[in-house]
Amino acid sequence: MNNEEMQAVNALRFLSTDMIQRANSGHPGVAIDASPMAYGLWEKVMNFNPEKPNWINRDRFILSAGHGSALLYSLLYFNHFGLTVTDLKSFRQLDSKTPGHPEKGYPSGVDATTGPLAQGLAMAVGMAMAEKHLAALYNKPGFNIIDHYTYTIIGDGDLMEGLSEEAINLAGSKGLSKLIVLYDSNNVSLDGPLNLSTNENVKERVEAASWDYYQVEDGDTDVNAIVRAIRLAQKTAKPSLIEVKTTIGYGSPQAGTSAVHGAALGKENISKMREFFNWTSEPFKFPKKVYDYFDQAVASKKQNYDQWLNTFRQYSAKYPDKVKQLKSATLKVDDLVSNYRNGDLVSTRVASHDIMQQIAHENSTFWGGAADLSSSNKTFLEKAGNFTKTDPAGCNVFFGVREFGMGSAINGMNLHGGNRAFCSTFLVFTDYLRSAIRLSALMNLPSIFIGSHDSIAVGEDGPTHEPIEHLTSYRAMPNLNVIRPADANETLAAWQLIGKTTNRPTLLVTSRQALPVLKETKNAPVEKGAYIVSDSVKPNPDGIILAAGSEVSLALKAKALLEKAGKDVRVVSMPAMNLFNEQPVSYQEEILPATVTKRLAVEMGASMSWYQYVGTKGKVMGVDTFGKSGKGDEVIKSFGFTPENVAQQFNTL
């Protein structure tokens, strides 16, 4: 690499540094020391077209060390992804296109929202899984329309997170040869030298997980060595980690120390850094030759896109149905049916399983798995094969007991596009992957999370396995559909909604215990969040009982008892609170008239989320302690969830 081209690397360094200095906020250390590897990867290796940022066959890139966002924005600027100098000068400012941590699609070219460490790495694993799976499904002789790499830059902090171990082992077991990780190894974390907290051998760690390992000794200046290592990694049959030895904040007076990690350098330090690099350009201004280097790289990439597009047009003419499916953002769900009759007893996890088989039959890119619980969650796709390193066309992914890795991976799978991925575990264990659910909601990503064994009805496994606060906590999460169906009919309606949802994730909550299929839930409008499942005879009911999930049938039994006592009660099923809250006020008033203040909510979980509906004159029958171990029906009864007690509680209002 010649000295003039090194100026392009230094342009990334100084643009990042000046953005951070102008904002007086940010993380200059990683942006400075990772610039050579970022330049080598983006300009000399990666395949993309800034004019087609969502091109299905582009190489994917995730900055897992998302605190180095200034570097990513610098790359996007020089590679013509639409950022302006004004945008760069607005770094970390309110409503700017350059927020503090990368946010998917904002600006164009950001493939994933990152910042919570190791999630970028785990999402990259999911992206590489999707590439391998879709290549097996769609590629034909002479038509490799899905054939690209997934890259991520990680730091020491990513590797310290437990999630990284889950992700690394998952990638190794699936043989993700097109996953290449660049490890910015600078031996410094926020609190000081890395040896204060860890002293592991990364080479031995990743090789034990069936990865290939490479090392670049001089990551501060030797871009050619970085590129050579990437080219070697592209030829292997395993995922690869390239440890690039760097000096954090290279060239600044505070280089090699934690002082350069998370604060603007200051004018004096930047001045000395300019002297070190002999950099004479003013902030946010660059010589024409710098732009020329980037422009030449971008031009060559566009040629690659044009060649692929010609191949894809031929493929489209020969395989139009496959192209239509690849481009579809939704699942085919209009013809789903429930095979259960009124009065049948079936758990919603089993009803969901039956519907998932139909979805898999109609949608070859519907896939996913469980954290070693598919037989309990009932999420195994019976005739869809298993996704393995030798059979990547299979649709059942065995994630192992890696809840967080699983959740982050399916986010990556869905971020890739061209497929729809789900994952499952017990509802109580979704705590392990909560941050992945949150990140999917932040990204408006339609990931599907399934949590079975939804209440104290779990029984003998006891309080460790009985979710109490989980429904309330997830209902508090913005932009997440939390759906708890009452029976097989509502489960069918839930899946029809999930299949058509493209702008947010869903948490589908299913029961372990069998529930009666209700005639009142036929064609349930789950998409409205709540509806009248059994109305009063009079226009103005004597009161309203609200319930979700298994407690809907309980509420109907209580209503029958109250009717015998002369009480005319309305029962409302509320499978999705957030969707009900999004309905017009007129619909909300229709379901829950303000004039009816006698309201009782019934759910075998924390009571908090229901008070918004019962008001100050209403009451909630919930569970605000941990559960108990015992037979499920006995545990339910011990907490007072019987028709007689529900009716009695209503009468106390």
Side-chain angles (χ1 to χ4, degrees), residues 16 20 25-35 37-38 61-72 92 99-103 110 112-125 151-171 179-206 209 211 213 215-216 219-220 241-250 254-263 402 404-405 407-409 411-412 432-436 438-439 442:
S16 301
I20 294 167
S25 175
H27 300 76
V30 63
I32 295 169
D33 75 48
S35 285
M37 71 181 83
F61 173 77
I62 298 181
L63 182 64
S64 190
H67 53 284
S69 59
L71 173 58
L72 179 55
R92 284 188 162 231
H101 286 83
E103 298 179 21
V110 178
T113 298
T114 56
L117 291 177
Q119 285 202 57
L121 169 61
M123 287 188 288
V125 170
Y151 301 96
T152 180
I153 292 178
I154 68 171
D156 295 306
D158 290 286
L159 289 178
M160 285 191 279
E161 291 283 359
L163 173 58
S164 70
E165 187 69 8
E166 296 184 25
I168 287 169
N169 277 278
L170 183 61
L179 173 65
I180 299 176
V181 176
L182 282 77
Y183 165 33
D184 176 27
S185 178
N186 57 37
N187 293 317
V188 173
S189 64
L190 177 59
D191 281 345
L194 189 64
N195 61 18
L196 292 174
S197 57
T198 187
N199 193 31
E200 71 176 1
N201 187 312
V202 173
K203 177 180 185 293
E204 293 180 358
R205 176 182 171 187
V206 299
W211 285 53
Y213 170 90
Q215 187 179 92
V216 176
D220 295 325
L241 183 139
I242 304 170
E243 183 172 7
V244 184
K245 304 300 292 186
T246 61
T247 305
I248 188 170
Y250 177 73
Q254 297 166 310
T257 73
S258 60
V260 77
H261 174 90
R402 303 184 181 104
F404 199 178
S408 296
N411 283 344
Y432 288 129
L433 58 88
R434 181 180 298 270
S435 188
R438 186 176 191 271
L439 208 56
L442 270 168

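Just so it is clear, the model here is predicted, and its values are computed rather than measured.
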#### Entry: Side chains of R92 and I20 in contact at under 4.5 Å (non-hydrogen atoms)
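Of all side-chain heavy-atom pairs linking I20 with R92, none is under 4.5 Å.
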
### Min side-chain heavy-atom separation S16-I32 under 4.5 Å
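A side-chain contact under 4.5 Å is absent here.
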
To the nearest 0.5 Å, how far apart are [atom1] in [X] and [atom2] in [Y]?
X	Y	atom1	atom2	value
H101	L72	NE2	CG	12.0 Å
I168	I154	CD1	CD1	6.5 Å
I180	Y151	CD1	OH	4.5 Å
S185	I248	OG	CD1	11.5 Å
S258	L194	OG	CG	11.5 Å
N187	T246	CG	OG1	8.0 Å

Under a 3.5 Å distance rule, please check whether [X] uses its side chain to pair with a backbone N or O of [Y] as donor and acceptor.
X	Y	answer
S164	M160	no
T114	L63	yes
S408	Q119	no
N186	V30	no

### Task
Pick out which of L159, L121, I62 makes a side-chain contact (heavy atoms from CB on, under 4.5 Å) with V181.
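Only one of L159, L121, I62 forms a side-chain contact (heavy atoms from CB on, under 4.5 Å) with V181, namely L121.
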
### Message
Quick one, I242 with M37, criterion side chain to side chain contact (heavy atoms under 4.5 Å, CB included). Give me CA distance, side-chain angles, the key distance, then yes/no.
### Response
CA-CA 10 Å; I242 304 170; M37 71 181 83; over 6 Å; no

### Query
What residue pairs, at least two apart or across chains, pass salt bridge (Lys or Arg N to Asp or Glu O under 4.0 Å) with a residue in residues 152-167?
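Those involving residues 152-167 are E165-R205.
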
Shortest non-hydrogen separation from [X] to [Y] and the atoms involved:
X	Y	value
L71	S35	CD1-OG, 3.6 Å
A209	N169	CB-OD1, 3.9 Å
G155	Y183	C-CE1, 3.9 Å
A436	G407	CB-C, 3.7 Å
G66	P102	O-CD, 3.1 Å
L241	V206	CD1-CG1, 4.0 Å

### Query
What pairs with E204 under salt bridge (charged side-chain N to carboxylate O under 4.0 Å, His left out), at least two apart in sequence or on another chain?
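E204 satisfies salt bridge (charged side-chain N to carboxylate O under 4.0 Å, His left out) with no other residue.
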
### Task
Inspect the surroundings of CZ in R438 and state if more than 12 heavy atoms from other residues, nucleotides or ligands are less than 6.0 Å away.
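Open.
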
